[in-house]
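Read the structure below first, then the notes.
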Amino acid sequence: MSTTNPETTGLKSLNKAQCRAVTSNAPTVAILAGPGSGKTHTLMSRVVWLIQQGGYQPTDIIVATFTVKAAREMKERIRKALGQELEKKIVLGTFHSIARRYLAKYGGRIGLDSKFGIADDGDSRAIIQRICKRLDLQIEPSHAKLWISKRKAKGSTSTPAQNGKQLKENPALVTCFQGYQDHLARSNLLDYDDLLVRSVELLQNHPSCVSNVQAVLIDEYQDTNGIQYDLMKLFAQARQRITIVGDPDQSIYGWRSAEIRNLYRLLRDYPETDEVSLEENYRSSQSILDISLDVIQQDKKRYKKVLLPVHTKGAKPVLRKLKSSAAEGEWIVAEIRRAVMLFGGMLKHEDVAILLRSASLSRHVESALGKAGVAYRMIGGHKFYDRKEIKIVLDYLRVVYQPDNNDAVARVINAPRRGIGEATIKSLLEEAEQAKMSLWSLLWRHCRGQRKATTNIRAKMEQKLNTELLRIVSTLRQRSEGMNESSPLTLVGLIDDLVRQLNFKRYLEEEYVEDHEQRWANVQELVNLAGDFMRDFGKADEEALPEVEGVAQAKEDDLLGRLLANVALASDAQKDDKEQGKSSLVTISTIHAAKGLEWPVVFVPSVFTGSIPHSRAEDSDEERRLLYVAMTRAQVLLYLSCPLYGSQGLSNKVELSPFVAPFVGKFAQKGPSFDRPVVEGAAKILGRGAPTEKAIFDKIPPMFSPEDDRFPIDPFDPKNPDGLEDDADGHCARAPKRQRTVYANTGGGDGEEERPWKPDYATTMEKSSEFTMSSLPGFVSAGAHRAATAAAGAQETTTATKQHPGTGTSRRRPDQRSLLGFVTKEPKTQHAPPPSKAPADLSFTRYQAAASRHAAKHAPAATSIDLPRPAIDLALTQHKLSTGPALARPNAPKPTDDGPRKRYAVFSSSPPRPASPDESDEKKAAPAEPEQSRPAASFHTTTFMSALPRAGVRRPVGMGPPPAMDRLRKPFKPLTINRPKGPSG
DNA sequence: GAGAGCGCGGTTTTT
DNA sequence: CCGCGCTCTC
């Protein structure tokens, strides 16, 4: 297998370096590479290669990823390459889920009860909070939690060196730690960190459990922490074959104790490691890469490496300043629409991602999208499983599964209301603890008359407890114990019965008069999720571990337990591309959750100090890397933006993030013109067909401004800093005093022409933006939009995995083998460092040289070869009817025959005023039903619908002036869903 | 002792 | 801007 011919082994999609990594015979392979260089693809290919060429059994391979999403994606890819049969046998998942599997099978060996549950974040927090309070420790629970988690996550790293520090430890923390562990043990729970800690313990003491393992592969290695490193080594202890891929520049989990140092530990611990660096970036346009590098290179301590653009320059990334967060949201919507429109169907909503530093920033964006009727899905942030109604049901299930889980029991005692208050529950808990029995059995015995509780429980309540809680749960428990894979529907039935017997619907109606429907729908969705779970994980040994000879496994056929574990471990976003394909959704995600993914169009809003370096962040380098990660998700269009005033008050000005401030001049100040070269360049990068100009033209409605000119370029006006809220038109309309911002001299340095801000135009457009956006029929409505795009863009477009389209153009570096591009500063390892003293900037120099070479080669050539006509698009640029008096009501043309359901929203041409009751009458008449045109196929649709006003309950949000609405309505909670829906067969 | 009402601080990112 | 903890009433 040493001489492998790429042609015959499916390695064609790999470049030379990748190929070398895939086929390396070294026991340990470290693949270090920047974003978009095909790391994951390479790792996946190596798995395939190990199985097909190396003769390894899939069951003997462990692939660990960092996030659930990454695991799922990896799974998908391997399935495509190997087929489901083989893929299923590979032990693949997040560290946590793999650890859990081992503990479920072998945990008995280290004294673990096989029915252990997983304490999620909320559980841990609650437990710690209680302990702190009860013992009157003078510490902050959140701090304690962090500390405990850090301590567990360290693994073997810390122990040797720092004894001095250990003495300094706050004894209160130690006490809390102890109490916490005791409590977990009593409730038979493991927290997330414990899964890893105990697995390490297991594998240390019982290596035979992994004696079969031939190869271990780790994705996103830079994010592993100490304990995960230990675990990796232990997984690999039989054969010591490890392959890792990673990028130190993308290390964004330091707060979770990820240690870049692990890279050097690996090189030290496995001196024969074959290091491979991948240097070509296949993802992004050159200008995106350039500016991303500008950002990351501010970090002087970083380990430099080469990143060669493969694609052409592309449109200049944008750094846009907006008046407020609300304006920012609206601008984003406008840009999305502009791009979708002017790319003539080549870009769809699903090609767009909005990446946020924190989930809480999503509000404005969501409301803008909602108003415009753009469907979206939110990844990360609020979790479906965190919703109150869901938590209650889950808590019941946990009690069914684990009667000793006192916390779950306690939460469930008075929900639905049974007239048992907090004080009573607290007292019962105390009593149980004193009596060294679980809360459940205390109640049980009390109600059976076996042991009278000292806590006073009134007869009426005892009655209720007995019939409504104890009896229901215990019968369900009996049923669940008889449940197994051969009776696949029982889990759904179980939840159904639980909910019915609790009269949960009525409870919701009474408790949540306002939105009980939504909540009940959520409960229904939970039932559906359970059904999906049964289908996908229920029967197949999705989680099986290979039998190792002579090592007995515990059977884990407890469906309920697995469901609950799945909820705890997989509570992040699922995407089910199959179903989503029908409706094209914009993605909103945290930057963290976006790692490893890519989109043609990426927005990074709120790039201001306090958000991106987050105000509570301790490591600003990590924050910078975070921004870098966000930026490098983009393939063709990258937009950063920053509101000039914070959302709270008008007076709090906001400062541009220091990470971009020095480069303001390198960004465009507004969205690019989507002229022919830009469109064609994008088409090339994405490997999609560029639409003809006619195709684009035909769909552009009149009144549509092809430029990003609806918002002032510089909304900042010192004379009128307070005109923000009420929109005293004057100040936005004033001609821009150019570049008088605090940040830098943007100098307007390049060919980007600055369109002067026309006062009248500005006002009208600005003012009319709400209704224009939301009510032009066929324009904003997803239905029409889909019709339009479907007609044009029926071609295959795959965003996920690129097969390195530009093979012909991408020049591989001849000296690819060299490592010097990567590590320039060798930390205190003294094993043979590669060409050690490369000047620190060499890599960058190389990069620059390559980049300019590349540019020289491509810029003229690329366009002239494929598409000889350069700038016909002038016509397009001038196709700007809208610069005229903007208020003329457009003779709204339906772009296509929208069939029978053409929906004309009623809109008045008068500028929107703050909502008055009479006015809203008119608005009520407007059909608030953009959502009806959308298929309700996936749960994400549900997500989206929750964003929309429900007829009768709310008036159409799109019609009204936004601020009023925002204040009137309780902000909706986006359902952020996550559907553990594995790609079913 | 249960529940409704008001005031205050506070929450980054994920398994 | 949202859950909490505190107070007051039943």
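In what follows, chains carry the letters A, B, and so on, assigned in the order in which the sequence lines appear, proteins first and then strands, with residues in each chain numbered from 1.
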**Report entry** Test log, rule side chain to side chain contact (heavy atoms under 4.5 Å, CB included), inputs A:Ile612 and A:Phe608
**Finding:** CA-CA 6 Å; A:Ile612 213 149; A:Phe608 57 83; over 6 Å; no
Query raised in the report: Counting any heavy atom closer than 4.0 Å, what does A:Thr424 reach on the DNA or RNA strands: base, sugar-phosphate only, or nothing?
Result: sugar-phosphate
Report task. Would you kindly give the CD1-to-P distance between A:Ile413 and B:dG3, to the nearest whole Å? Result -> 13 Å
**Report entry** Side chains of A:Tyr229 and A:Asn225 in contact at under 4.5 Å (non-hydrogen atoms)
**Finding:** no
Requested in this report: Write down the distance between CG (A:Leu189) and C1' (B:dT15), rounded to a whole number of angstrom.
Outcome: 16 Å
Query raised in the report: Roughly how many Å is it from CD1 in A:Ile379 to P in B:dT15, rounded to a whole number?
Result: 11 Å
Query - Proximity to the side chain of A:Ser142 - top-ranked nucleotide from B:dT14, C:dC1, B:dT11 - result: B:dT11
Report task. Return the value, rounded to whole Å, for the distance between atom CG of A:Leu355 and atom C1' of B:dT13. Result -> 13 Å
Requested in this report: Just compare B:dA2, B:dT11, B:dT13 and give me whichever is closest to any side-chain atom of A:Arg458.
Outcome: B:dA2
Query - Upstream residue (5' side of DNA chain B) when A:Leu626 and A:Ile425 are each assigned their closest nucleotide - result: A:Ile425
Report summary line: Sorted by position of nearest nucleotide on DNA chain B, 5' first, the leading residue of A:Tyr253 and A:Asn414 is A:Asn414
Report summary line: From CG of A:Asp223 across to P of B:dT15 the rounded distance in Å is 11 Å
Query raised in the report: Which nucleotide in the list B:dT13, B:dT14, B:dG3 gets nearest to the side chain of A:Ala593?
Result: B:dT14
Query raised in the report: A:Thr467 side chain to A:Gln463 main-chain N or O, any donor-acceptor pair under 3.5 Å?
Result: yes
Requested in this report: Look at the side chain of A:Arg363 and decide which nucleotide, out of C:dC2, B:dT11, B:dT14, has an atom nearest to it.
Outcome: C:dC2
Query raised in the report: Would a distance-only check, ignoring hydrogens and angles, find a side-chain to backbone donor-acceptor pair under 3.5 Å from A:Ser657 to A:Phe659?
Result: yes
Query raised in the report: Taking all non-hydrogen atoms of both residues, which atom of A:Ala359 and which atom of A:Met378 are closest, and how far apart?
Result: CB-CE, 4.1 Å
Query raised in the report: Looking for any heavy atom pair under 4.0 Å, which part of the strands does A:Asp121 touch: base, sugar-phosphate only, or nothing?
Result: base
Query raised in the report: Are A:Lys115 and A:Tyr401 in a cation-pi setup, meaning NZ or CZ lies under 6.0 angstrom from the ring centre and within 45 degrees of the ring axis?
Result: yes
**Report entry** Partner nucleotide of C:dC1 by Watson-Crick or wobble geometry (both distances under 3.5 Å)
**Finding:** none
Requested in this report: Output the single nucleotide from B:dT13, B:dT11, B:dT15 whose closest atom is nearest the side chain of A:His96.
Outcome: B:dT15
Query raised in the report: If you look at every strand shown and take non-hydrogen atoms under 4.0 Å, does A:Phe95 touch a base, only sugar-phosphate, or nothing?
Result: nothing
Report task. Measure the distance from CG on A:Leu195 to P on B:dT14 and round it to the nearest whole Å. Result -> 18 Å
Report task. Please tell me which of the listed nucleotides, B:dT12, B:dA2, B:dT15, lies nearest to the side chain of A:Tyr192? Result -> B:dT15
Query raised in the report: Which listed nucleotide (B:dT14, B:dT15, B:dT11) is nearest to the side chain of A:His592?
Result: B:dT14
Requested in this report: Could you tell me whether A:Ile252 contacts a base, only the sugar-phosphate backbone, or nothing, with contacts defined as non-hydrogen atoms closer than 4.0 Å?
Outcome: nothing
Report summary line: Considering only heavy side-chain atoms of A:Leu569, the closest of B:dT13, B:dT15, C:dC2 is B:dT15
Requested in this report: Look at the side chain of A:Thr424 and the backbone N and O of A:Ile420, then say whether any donor-acceptor pair between them is shorter than 3.5 Å.
Outcome: no
Report task. Please state how far atom CG in A:Asp191 lies from atom C1' in B:dT14, giving the value in whole angstrom units. Result -> 13 Å
Requested in this report: Name the closest nucleotide to the A:Arg417 side chain, picking from B:dG3, B:dT12, C:dG3.
Outcome: B:dG3
Query raised in the report: Is the shortest side-chain N/O distance from A:Ser358 to OP1 or OP2 of B:dT11 below 4.0 Å?
Result: no
Requested in this report: Report the base-pairing partner of B:dG10 (Watson-Crick or G-U wobble, both distances below 3.5 angstrom), or none.
Outcome: none
Report task. Record whether the side chain of A:Arg357 comes under 3.5 Å of the base of B:dT13 through a donor-acceptor pair of N or O atoms. Result -> yes
Report task. Write down the distance between CD1 (A:Ile588) and P (B:dT13), rounded to a whole number of angstrom. Result -> 14 Å
Query raised in the report: Does A:Arg256 place a side-chain N or O at less than 4.0 Å from the phosphate oxygens OP1/OP2 of B:dT15?
Result: no
